[in-house]
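Following: one structure in structure tokens, then a few remarks.
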Amino acid sequence: MFKSVAEHTWRVSLIAMLKEPFLKEKVNTTKLLKMIIIHDLVESEAEVYRHLTH
């Protein structure tokens, strides 16, 4: 289990960067990392809400 949204974002970003050289098709790494960060914005908001309501 991840300890925080920040740790989750870091790990997913690291996995994306490490896997990228082995992909069969070229990907835009900058766009991929931006998508990862934007995706985790929702998780970050949910984490704040969870802490405020418990």
Side-chain angles (χ1 to χ4, degrees):
M1 183 64 116
F2 295 111
K3 295 179 182 168
S4 68
V5 175
E7 184 178 352
H8 168 73
T9 303
W10 181 83
R11 286 183 184 207
V12 174
S13 298
L14 181 62
I15 290 168
M17 290 174 29
L18 292 174
K19 294 285 287 177
E20 189 262 337
F22 300 100
L23 297 175
K24 292 179 181 179
E25 295 183 28
K26 180 122 173 83
V27 297
N28 181 334
T29 306
T30 302
K31 183 177 179 180
L32 177 60
L33 292 173
K34 286 179 182 180
M35 290 170 63
I36 290 168
I37 293 168
I38 290 169
H39 164 79
D40 285 343
L41 284 174
V42 175
E43 291 185 35
S44 176
E45 290 295 320
E47 183 83 7
V48 169
Y49 179 77
R50 187 176 67 82
H51 286 298
L52 290 174
T53 58
H54 286 92

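FYI, side chains are in, hydrogens and waters are out, and symmetry mates aren't considered; it's all heavy atoms of this structure.
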What residues form a side-chain contact (heavy atoms from CB on, under 4.5 Å) with [X], not counting sequence neighbours?
X     : result
Ile38 : none
Leu32 : Ala16, Ile36
Lys31 : Asn28, Met35

Starting at CD1 of Ile15, measure out to CH2 of Trp10 and round the result to the nearest 0.5 Å.
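Going from the CD1 atom of Ile15 to the CH2 atom of Trp10 covers 9.0 Å.
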Look up atom CG in Leu14 and atom OG1 in Thr9, then write down how far apart they are to the nearest 0.5 Å.
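Going from CG on Leu14 over to OG1 on Thr9, the span is 12.5 Å.
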Transitively linked via ILVMFWY side-chain contacts under 4.5 Å: Met17 with Val12?
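Same cluster: Met17 reaches Val12 through Ile, Leu, Val, Met, Phe, Trp or Tyr contacts under 4.5 Å.
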Could you tabulate the donor-acceptor pairs under 3.5 Å formed by side-chain atoms of residues 18-26, not counting sequence neighbours?
none

